[in-house]
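Right, one structure below, let's go through it.
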Number of protein chains: 2
Amino acid sequence: MRYHRIPAETVRRLPVYLNALLLSLQQGKSISSSELSAIVGINPLQIRKDFSYFGGFGTRGVGYNIEKLIKKIKKILKLDSHHQAVLVGAGNLGSAVLAYPGFAAYGFQIAAAYDSDPAKIGKTINNITIEDAENIINLKKKNIKIGIIAVPRQQSQAIAQSLVNAGVTGILNFSPCRLAVPKRVKVITINIATDLARLPFYMPADKKIGFALNKRA
Amino acid sequence: MRYHRIPAETVRRLPVYLNALLLSLQQGKSISSSELSAIVGINPLQIRKDFSYFGGFGTRGVGYNIEKLIKKIKKILKLDSHHQAVLVGAGNLGSAVLAYPGFAAYGFQIAAAYDSDPAKIGKTINNITIEDAENIINLKKKNIKIGIIAVPRQQSQAIAQSLVNAGVTGILNFSPCRLAVPKRVKVITINIATDLARLPFYMPADKKIGFALNKRA
DNA sequence: AATACTTTGTGAATACATTCACAAAGTATA
DNA sequence: TATACTTTGTGAATGTATTCACAAAGTATT
Ligand SMILES: NC(=O)c1ccc[n+]([C@@H]2O[C@H](COP(=O)([O-])OP(=O)(O)OC[C@H]3O[C@@H](n4cnc5c(N)ncnc54)[C@H](O)[C@@H]3O)[C@@H](O)[C@H]2O)c1
Ligand SMILES: NC(=O)c1ccc[n+]([C@@H]2O[C@H](COP(=O)([O-])OP(=O)(O)OC[C@H]3O[C@@H](n4cnc5c(N)ncnc54)[C@H](O)[C@@H]3O)[C@@H](O)[C@H]2O)c1
């Protein structure tokens, strides 16, 4: 079981498989790579290769035991234990994240939320009372190692710094900017605007109807 | 100028460069690949290689003319014309997207929003009045070709179908599922939960203090 | 038990992406 | 104008990821 050496692209796909497998639990006991492929839209050969990186454990002629596979993927991704996270910035996006129930399936729980706006501090969303961002200290003692940043771009670096100082070693960042952090801290940035911005590149160009008519004439 | 042949990874980075360049416009007239690198956190060699795919246009010894570079990237990404989009699902996440002013910098404008909840239909967010999702028809006539999906997972496929029927050829999907669409339609899925789920994999394991003490003793 | 069929698993081949090494073309300075 | 310096640009080399071809190991059927 060589946990290192798992390709980054495989690590990116594993949670997608996990998501599909959790939904397939009711369907039956086992699932084949081609059935899984139909759900997630990833080539079955790729799926088998991905699983092979941490040791084959399907049964030939049948497929993969779903429960076993879920356990295995959770272990690889370190999702076999629960994770507490804090949210910083309870604005539009932050509130949506705070209200989302879907993180629990992966073992995540948002344990606290922070903002700097006095109008927001003290309010409660989804049973979490928003605290003053000044109080982001010693999260390690509460066993919190994940921070979610949803503050304006200009404030993100300072917040990242506070989180790291408080003991956070993993950050999910929604701000459209790079965060400078120590090497041991992992940052995953979700940049909604840049994802939207590459959509037109892949879209077909408009057909010029006038031109088509000209060709006909 | 071979617009095809641009690597997918380069297309992914171009909007990131664009974002940084728009912010650098005030700073000066030109920017070097290493200065840009400092902002975006991407190796300068990689940056130059990326730009070289659509023809070198920096000046050696100086760098790249920022305005010219912005124009060029916008053209490649087809962001030189404006794009109208519709949002479907004005819930927590959808409302955040609707309220976000940052898409305008890339030439995007949300022209309409839809929901199926009678309690939401008729409400106005950011000058957009939410319409009944039944009315997603003939968007092509209004020159709308981009749809943003922020409805619950179970409803996403049906909404995708409606959007495609209405003439949409590009979809930004926030639902944690695959969407089956015709080949000509491009889907980019942002799956916040799966991005969060691969964070623990990269985070350092806890140091067991007790064990460390034992070693000392 | 033999045969046909299904599905996993893997080394090798291919495709794709990044990095290297260095030439080319500019600026700045004496 | 020569020399030093800076920065871009690119073919080749290296590294990473995907796909191919096929063996291996199971199930189902006769
Ligand atoms: N909403 C979107 O669709 C969207 C899209 C792309 C990117 N983003 C990015 O996500 C981030 C959040 O966006 P949003 O739309 O929720 O913005 P928002 O303005 O609605 O929310 C930001 C929140 O952060 C709080 N805040 C500001 N400074 C703070 C500080 N120092 N400490 C703690 N809290 C602080 C504000 O009080 C506010 O509640 C931004 O960086 C934005 O660029 C959002
Ligand atoms: N909020 C998050 O942080 C988060 C994180 C990960 C994924 N997501 C995904 O994003 C999507 C939206 O999440 P959300 O938190 O905004 O959910 P939400 O429940 O707050 O909003 C969903 C909205 O869609 C509307 N809707 C339902 N069926 C519809 C239909 N047929 N046509 C039009 N509108 C319809 C609902 O009325 C509601 O307003 C979901 O698929 C969710 O899984 C959200």
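Every chain is numbered from 1, with letters handed out A, B, ... down the list of sequences.
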> In this structure, which one of B/Ile31, B/Leu22, B/Leu36 forms a side-chain contact (heavy atoms from CB on, under 4.5 Å) with B/Tyr17?
Replying inline: B/Leu36

What's the closest nucleotide to the [X] side chain, out of [options]?
| X | options | answer |
| --- | --- | --- |
| B/Leu45 | C/dA21, C/dA17, D/dT8 | C/dA21 |
| A/Ser32 | D/dT8, C/dT18, C/dT7 | C/dT7 |
| A/Lys49 | C/dT8, C/dG11, C/dT19 | C/dG11 |
| A/Val62 | D/dT27, C/dT19, C/dA12 | D/dT27 |
| B/Arg13 | C/dT18, D/dT18, D/dT7 | C/dT18 |

Distance, rounded to the nearest Å, where [X] contributes [atom1] and [N] contributes [atom2]:
| X | N | atom1 | atom2 | answer |
| --- | --- | --- | --- | --- |
| B/Ile31 | D/dT7 | CD1 | C1' | 13 Å |
| B/Ile47 | C/dT18 | CD1 | P | 12 Å |
| A/Asn43 | C/dT7 | CG | P | 15 Å |
| A/Arg48 | D/dC22 | CZ | C1' | 12 Å |
| A/Ile6 | D/dA17 | CD1 | C1' | 15 Å |
| A/Phe51 | C/dT10 | CZ | C1' | 16 Å |
| B/Tyr53 | D/dT8 | OH | P | 17 Å |
| B/Gln46 | D/dT14 | CD | P | 18 Å |

> Are A/Ser33 and C/dT8 close enough that a side-chain N or O sits under 4.0 Å from OP1 or OP2?
Replying inline: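 So the side-chain polar atoms of A/Ser33 do come within 4.0 Å of the phosphate oxygens OP1 or OP2 of C/dT8, strictly under.
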
> How far apart are the closest heavy atoms of A/Ala8 and B/Tyr202, and which atoms are they?
Replying inline: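 What the structure gives for the nearest pair is CA-OH, 4.0 Å.
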
> Quick one: is the NZ or CZ of A/Lys72 closer than 6.0 Å to the six-membered ring centre of A/Phe54, and within 45° of its axis?
Replying inline: no

>> Closest-nucleotide mapping onto DNA chain D: is A/Glu9 or B/Gly58 further toward the 5' terminus? I mean the 5' end.
In response: B/Gly58

Just call it for [X]: base, sugar-phosphate, or nothing, with non-hydrogen atoms closer than 4.0 Å on any strand.
| X | result |
| --- | --- |
| B/Ser34 | nothing |
| B/Thr10 | nothing |
| A/Tyr64 | sugar-phosphate |

>> Measuring from atom CZ of A/Arg198 to atom CG of B/Leu77, what distance do you get when rounded to the nearest 0.5 angstrom?
In response: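 Here the rounded value is 10.0 Å.
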
>> Using Watson-Crick or G-U wobble geometry with both distances under 3.5 Å, which nucleotide pairs with D/dA24?
In response: C/dT7

> Less than 3.5 Å between a donor and an acceptor, one on the side chain of B/Arg60 and one on the base of D/dT8, is that the case here?
Replying inline: yes

> Any side-chain heavy-atom pair from B/Ile171 and B/Ile146 closer than 4.5 angstrom?
Replying inline: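 Not touching, per the 4.5 Å side-chain cut-off.
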
